[in-house]
Each structure stands twice: as structure tokens, then as C-alpha cells.
Amino acid sequence: MFAKKITKTLILFLAALLMLPPSWAQAAEQKPAHVLLIYDSLAKGTSREGNIEALQRLLASYGTKVTLTTFDSYKKGTLQQYTNVIAIGNADDLAIISQEYISDFQTFEGSYLHIGAHIPEKVKTQLDIQTRTEEKETVLLSIGQFSQPSIPVHNITRIVQASGTAYGSISSAGGDKQSPYAVRDDRLAYIPYFEQGNLSELAMAFLLKDWLHAGGQKHTYLIFKEVYPFSDLRRLEQLADKLYDAGIPFIVSIRPVFSNTDYPAMKRYLETLKYVQARNGSILVNAPVVASVISQNDQNLKAQMESFVDVLADNGIAPLGMGAEMYWSYDRKYTADAMGFFNSGILFPNEKLMYKSRSDSSEPFTSSMYSLKMSFLKQFKRSGKALEEFPMNMAITYDFFEDKTQLDQAVQELVDSWITFDDYKYGYHEVRTQANTISSRNGSLLINGHNVDLNNSVKSISSDYTYRQEEQKSFTALFNVQNKIFITVILMTLIAFGIFIIIGHRLYKRKYFK
């Protein structure tokens, strides 16, 4: 009897698990790691400038939450709050002098990655690292299938000997003095050289994947951004047609519209997006343009973003995520009022920092991508015919084209490329507002549980539209009658005047002949 009760309880428990929504299962599987990222300098004005931002975006592509701090502001006991710590030494002449940090690091037992100068003795000992420093040289960097020759470096530290797993290789331009690019064991890792804008940016991802234990299949996507309602919508349709014919799935990151959503221009925008969606395109909502000062519109950001998502959903368009500059994920207002509707997205490089409520910690997407322009990848040499999987979810980005020539060149470049792009709809993505739940899985788009109708025709929208509602006017009928009377009198006067001119002309001619 007791065994039957246990069996019945177990069956009910399993049934309850099966009934849980997919979003719960995803959250249970993908609890984000929390990394402390500590650095000595932003390296302004040097070749290392921007490497911290690049590392932040790389970590975000693995769904990682990041807390950013400096050695100068370190507080005792902070290290023990984290299981993953990354330290960056950008300043060769600026040693770590925080005694609180040095003391805490001696007892730290979590995973630690050191980048750049001033590697701790504890790491050198446990990884059995021996190094040498080259003041100035040109190096060849290789990782996976990729290599980049002729990278100029200054004061680079090279690994002469180390235990553990080696990643890539770095050598002098002539091919001699080859050494590992990075090394790692179960907990500790060391990368002596990391800069934004060259192959070390991609090489970092190979090590991070193993250091963060970020398993699972990775995907490569194609994204077109900077698409506005006033963009050339016909050109956007042409792009969708060409990529559809080439069998290339793609994503369009669109700018939101917060007012006048019933205007014909907006209706045409929505119809074009429906067409893009029907041609195997996916839609992301890009972050709105940020004003230089806080305005009334900023106060309503949450309602405005929610309203725009609802407008898309009401018109049969299923946005699957959000695109934003990276700093948005470190702003309390933006993450709460705009990013909170989406579980998936992409963080683009920062162009202009416009914080509203800055935070030291990021709010990551459950599913994210690392963005690179195609021109970035084209600078590398590649071995092998088929492209191996990138170590993180990758997005190859293009800004929307200014003319048809640019469009045709880009499409041909994509057709001829060695990259196989994945369909974003086959991942699990979810967008929630109070009125709508939008999701995708295994290639299907759902709005409130119903499949989206992928209509591949663009409905014609009339330009005849009253943009301002006419106000009720007094004495309108009387004024109309008066206008008609005045017009009639004027016409009769002109006719009479014409008759008098003709009669006068004839009398003048008769007098002349006499």
C-alpha cells in the first residue's frame, strides 16, 4: 500500500514537471554565471583601449552576469562573493597595490583568469608559467581555423613554458619563437595579450567557453540594423527577396515608433516587416535613440516599449528579442523599462554612452550573441573548406544599405562566403507584455499561443489620410453660400468686362475705317 502511494506521488510529480512552461525549463537549465571583472586601467590612448568593453560583450554572449570594478576601489571580502573572477592588467607600470585584494586572493579558491601584465605569483606557480617580454615586434596570431599575420605589439609578454591546456599560438612574423597564446587548467587561466579589433578578440572567446564551462551548440546569425520607418522600404523588400532566394535566413533589428502608429507611413512600415518575416526573416526591436537629457518621454519608456511590441503583435509581427548598445545592460532604468520584456537579444559595441541610472553590474539576456562586422572577419586568413563552429553565438552585422549597389554587393559577398547562417526562429525566444506573449521554437512563431500567419504580400496603403482631425466650425454653411455668391458675381463681372472690350474694339475699328 505504501509503495503504491509513493508510485502515485512520483507519477503526479513527473506530470507536473511536464506541464511547466518552456520558459521555466529554460531558466532552470541556464542559470547565468556571475563574474567579477576587475581592472587597473582603461588604457586610454593606447592600443589596449576598448579591450574591457570587448570582454564585457564576450561575457554577455555567454549569458553571464558581470560586475565591474577597479583595484583602487576594491573592498575586502569581495572576492569571496564570486566563483569566477577575471583580472585585467592594462598598465605595465601600474602594479597591484591593493593589500585587501592581495590578501583575499591568497585564499581565493574559485576560477580565476588573468589577462595582461602583473600575473600573480600564485597563478605562475600553479600553472608552472615562465615568460619573457618583447619590447616591440610584429607577431602572427593563430587560433582554431583563423590566423592574422603582422600584428604590431608593444611590451608583449610571451609564454615560454606552462602546464595545462594551450590555446592557439603566437609567434614572430618570421614564424620563429612560437609560444602558446593562452593556457588554462581546471580553475586558472592566463592570457598575456588581449586587444580589441584584431584576432585576439576572437581568440579570447575560445578560452572563455571552456573557462565558463559554456557547453552546447553555438549558432551564427546574420543581422541588418539601423532600419527605421523612413528607410527605403522597397529596398528592404528587395533585400528580403534576394536572401530568401539564396536560402540565407536573416534578422532585422528595427527602430521602435512611439507615436502616430496609425499613420499611413507606419502602416507601410508594418506591412514591410510582415513581408520580411514571411521571407524567412526574424525581427528584433532595437533600443530607441537616447536623448542627451532626461525628458518626459524617458519617464514613459516602459509604457512606450510595451506599446510598440503590442502594435507589432496586433499586426501579426513577432519580435523575438532586443538589440542595444552594450552599456544599456549596465543601466538600471534601461534594463527595467526596456530590456525586461525580452529574454533574448544582442549587445552592439558602444557608440555614445548615455546612461540614465548607471550600475556596476549587468543584466544579461538568457540568450545572447556577440556581434562582429563582416569586414572584421575578412581581415583573417582561414584554413579548411568548411567553417567550424564559433566558440560563442555569433552575429555578423551590416548597417542597412544606402543604395542598391551596396545591397547587391553585400548579398553577393554573403552568397560567396564560407559562413552558414542559422535561422533565429529555431531557438527558444520569448517576449512578454501584459497583453501579449510572443515566442518561437523549432521554426514556429507564436503570438498568444497561435501560429503567426506568414503572408508574403505587401498590402497597399493609401496616402490619403487626414493627419489632423478637423475641428467643428461655426457658420460653415453660411460661409459656403457667401463664397458661391461672390464667385458668381466675379465671373459675371469678368464676362461683362470682356463683352465691353469686344464692343469697344469693334467701334474703334469702324471709326478708323471712316
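Atoms considered below: every heavy atom in the structure, side chains included; atoms not considered: hydrogens, waters and symmetry mates. All of these numbers come straight from a predicted model, not from anything done at the bench.
- Checked by atom type, the side-chain pair Asp310/Thr433 shows a donor-acceptor distance below 3.5 Å.
- Side-chain rings of Tyr167 and Tyr181 stay apart, their centers remaining 6.0 Å or farther from each other.
- Residues Leu273 and Ile254 have side chains in contact (heavy-atom distance under 4.5 Å, counting atoms from C-beta outward).
- Aromatic ring centres of Phe250 and Phe421 lie farther apart than the 6.0 Å criterion allows.
- For the side-chain hydrogen bond (donor to acceptor under 3.5 Å, both in side chains) test, residues two or more places apart in sequence or in another chain that qualify with Glu134 are Arg132.
- Within a 6.0 Å sphere centred on CZ of Arg382, heavy atoms belonging to other residues, nucleotides or ligands number more than 12.
- Inter-residue side-chain proximity for Leu414 and Met374 is flagged as met; some heavy-atom pair is nearer than 4.5 Å.
- Look at Arg268 and Glu271 and you find no salt bridge, because none of the NZ, NE, NH1 or NH2 atoms lies under 4.0 Å from a carboxylate O.
- A salt bridge is defined here as a Lys NZ or Arg NE, NH1 or NH2 lying under 4.0 Å from an Asp or Glu carboxylate O, and Lys242 with Asp408 meets this definition.
- A heavy-atom distance below 4.5 Å is not found between the side chains of Phe194 and Arg48.
- Minimum interatomic distance between Val227 and Tyr269 (heavy atoms only, all atoms of both residues): O-OH, 3.5 Å.
- Salt-bridge check for Glu325 with Lys352: failed, with every basic side-chain N at 4.0 Å or more from each acidic carboxylate O.
- The distance between the ring centers of Tyr330 and Tyr334 does not fall below 6.0 angstrom.
- Annotation: cation-pi geometry not satisfied between Lys381 and Phe146 (NZ/CZ under 6.0 angstrom from ring centroid, within 45° of ring axis).
- Between Tyr221 and Tyr424, the gap from one ring centroid to the other is short of 6.0 Å.
- Counting heavy atoms of neighbouring residues, nucleotides and ligands inside a 6.0 Å radius, atom OH of Tyr228 exceeds 12 of them.
- For the pair Arg235 and Phe401, the NZ or CZ position fails the cation-pi test of under 6.0 Å to the six-membered ring centre and within 45 degrees of the ring normal.
- For the pair Thr64/Pro364, no side-chain contact is recorded, criterion being any heavy-atom separation below 4.5 Å from C-beta on.
- Using a cut-off of 4.0 Å between Lys/Arg side-chain N and Asp/Glu carboxylate O, Asp423 and Lys425 are scored as salt-bridged.
- Side-chain contact of Tyr193 with Asn198: a donor-acceptor pair under 3.5 Å is present, judged by distance alone.
- Here Glu363 does not pair with Arg332 in a salt bridge; the nearest charged N to carboxylate O distance is not below 4.0 Å.
- Remark: Phe376 CZ is packed, more than 12 non-hydrogen atoms of other residues, nucleotides or ligands lying under 6.0 Å away.
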